[in-house]
Amino acid sequence: MFTYKKKDVDAIVIRDFDFAFPEDLEPVWIPGKRVRSHMFNGLSLTMPHLEPFLVKNGRETAKHIEDPDLHQDIRDFCGQESQHYKCHRRLNDILTANGYPEFVQVEEKMAKSWKDLSGKSLEHRLAYSAGFETMTNGFTRWLLKKRLQLFKNADPHITSFWLVHMIEETEHKTVALDCYMAYSGRYLPRFLGVFHGSFHVVGHGLKAMMVALKKDGVLHKPSTWLELAREMSSMMYHVGPFLLRALLPGHDARDEIDPEWMQEWIHGYANMPASQPIPLLDTKHPDMPVPFAALPAGE
Ligand SMILES: [Fe+2]
Ligand SMILES: [Fe+2]
């Protein structure tokens, strides 16, 4: 029997993802890091296919559950994910227009893949959603902790978009798993969903990355594969433990402690005057701090 437990955050806040990407955006937006830029671009390409799928699964689950707290969480989860994929859509269109028309075909394959997944049972889809959301929680830790190494001098719009997207992923980290536990709770599908939800998305993202690297004429260079091996090792090192912990029976996303930088960001945003756009990070700053003026403690 599912019992709702208090979340780590006070609220799941739906924010306006109105990042103003410049039209002449350079698709290699992390200086000197072609593979890393295209890896994130590839993942961005998956989002307008994946995230509407998560929203649909959430809305469908809401019809089967009664808990009012979980109902509210699902509404907020859907609100956040909808902001994310619309913003990824805008970014992806610019990336496609700025040198990668091949992404149109890449996205057609993605659309088909998620359409096929939509035909699976709700239990299957929720296990997938919960698995994917476990991975994004690991991504939050990775991207926030390693932000200086990953995004130094990178485009501030895309960097800020990714980091704030991951902050919101961790803000709503409990929702997909709660949906699964309330609807089914069976261990084996959830176990399999950890792999399915993670590897399916990353697999599509990496395929898109390969298309971009091929277009750039660097796919067969040893230096490209060396950079790719480094990026993959870093991802597995930081995200892998989250997936492993999620495999344990009794796993609860509430047991993962939210990063301090994320908490500072949420606090800073909450104290920002309303109607202002989400402020951009200073990617040239030696600490890349949260983009809010320091507040007196306790405020
Ligand atoms: Fe998202
Ligand atoms: Fe999410």
Side-chain angles (χ1 to χ4, degrees), residues 7-9 11-19 21 39-62 70 72-92 107 110 114 117-118 125-144 157-183 190 193-194 196-202 204-205 208 239 242-243 246 251-254 256 258-259 262 265-266 269 278:
K7 298 188 290 289
D8 292 348
V9 290
I12 296 169
V13 181
I14 302 166
R15 304 175 180 90
D16 246 347
F17 270 50
D18 44 10
F19 295 100
F21 306 114
M39 183 178 80
F40 281 102
N41 294 345
L43 289 171
S44 179
L45 246 58
T46 66
M47 296 295 155
H49 306 282
L50 161 76
E51 289 179 312
F53 169 81
L54 301 178
V55 168
K56 190 172 159 275
N57 296 343
R59 292 203 175 123
E60 209 174 312
T61 313
L70 185 51
Q72 183 62 49
D73 282 358
I74 292 172
R75 269 196 296 276
D76 296 337
F77 171 91
C78 292
Q80 284 194 334
E81 296 293 20
S82 299
Q83 286 288 328
H84 300 167
Y85 74 72
K86 285 175 196 157
C87 194
H88 278 288
R89 179 73 273 148
R90 288 197 291 114
L91 173 59
N92 298 348
E107 284 209 53
M110 290 176 180
W114 270 283
L117 263 183
S118 299
R125 284 179 277 136
L126 288 178
Y128 173 103
S129 302
F132 168 74
E133 293 283 314
T134 293
M135 183 180 71
T136 57
N137 199 20
F139 260 70
T140 309
R141 184 66 51 91
W142 177 36
L143 267 52
L144 266 50
H157 300 89
I158 310 184
T159 304
S160 304
F161 175 31
W162 271 113
L163 291 193
V164 179
H165 183 170
M166 288 307 115
I167 283 173
E168 290 199 351
E169 287 300 318
T170 290
E171 208 170 32
H172 70 227
K173 67 183 178 182
T174 53
V175 184
L177 184 58
D178 278 359
C179 280
Y180 182 80
M181 296 311 286
Y183 180 75
R190 187 179 74 71
V194 171
H196 190 197
S198 308
F199 295 165
H200 180 250
V201 179
V202 171
H204 273 290
V239 181
F242 281 79
L243 302 186
H251 164 71
D252 188 340
R254 291 165 179 82
E256 303 285 4
D258 295 347
M262 167 195 168
W265 192 95
I266 288 177
Y269 182 89
I278 295 174

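Atoms within each ligand, like the ligands themselves, are counted from 1 in listed order. Given the structure is predicted, the values throughout are model-derived calculations rather than measurements.
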### Message
If you consider just the N/O/S atoms, which atom of Glu133 is the closest one to the Fe ion (ligand 2)?
### Response
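Considering only N, O and S atoms, Glu133 comes nearest to the Fe ion (ligand 2) through OE2.
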#### Entry: Angular separation of OE2 (Glu81) and OE2 (Glu169) seen from the Fe ion (ligand 2), to 10°
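The two atoms subtend 90° at the Fe ion (ligand 2).
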### Over all atoms of both residues, closest heavy-atom pair of Ala11 and Glu171
O-OE2, 3.5 Å
### Query
Quick check: does Glu168 have an N/O/S atom under 2.8 Å of the Fe ion (ligand 1)?
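No, since none of the N, O or S atoms of Glu168 sits under 2.8 Å from the Fe ion (ligand 1).
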### Message
Tell me whether the Fe ion (ligand 2) has His84 as a neighbour, meaning an N, O or S atom of it below 2.8 Å.
### Response
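Checking the Fe ion (ligand 2) against His84, no N, O or S atom falls under 2.8 Å.
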### Residue of the set Phe139, Phe40, Phe17 for which ring-ring contact (aromatic ring centres under 6.0 Å, His included) holds with Trp162
Phe40
#### Entry: Atom name, Glu51 (N, O or S, nearest to the Fe ion (ligand 1))
OE2
### Task
Give the name of the N/O/S atom in His165 that lies closest to the Fe ion (ligand 1).
NE2
#### Entry: Near-ring test Phe19/His157, centroid separation under 6.0 angstrom
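Ring centres of Phe19 and His157 not closer than 6.0 Å.
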### Task
Please examine the side chains of Met135 and Leu243, heavy atoms only from C-beta on, and report whether any two atoms are closer than 4.5 Å.
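A side-chain contact under 4.5 Å exists here.
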### Task
Show your working on ring-ring contact (aromatic ring centres under 6.0 Å, His included) between His88 and His165 and close with a plain yes or no.
CA-CA 10 Å; His88 278 288; His165 183 170; 5.0 Å; yes
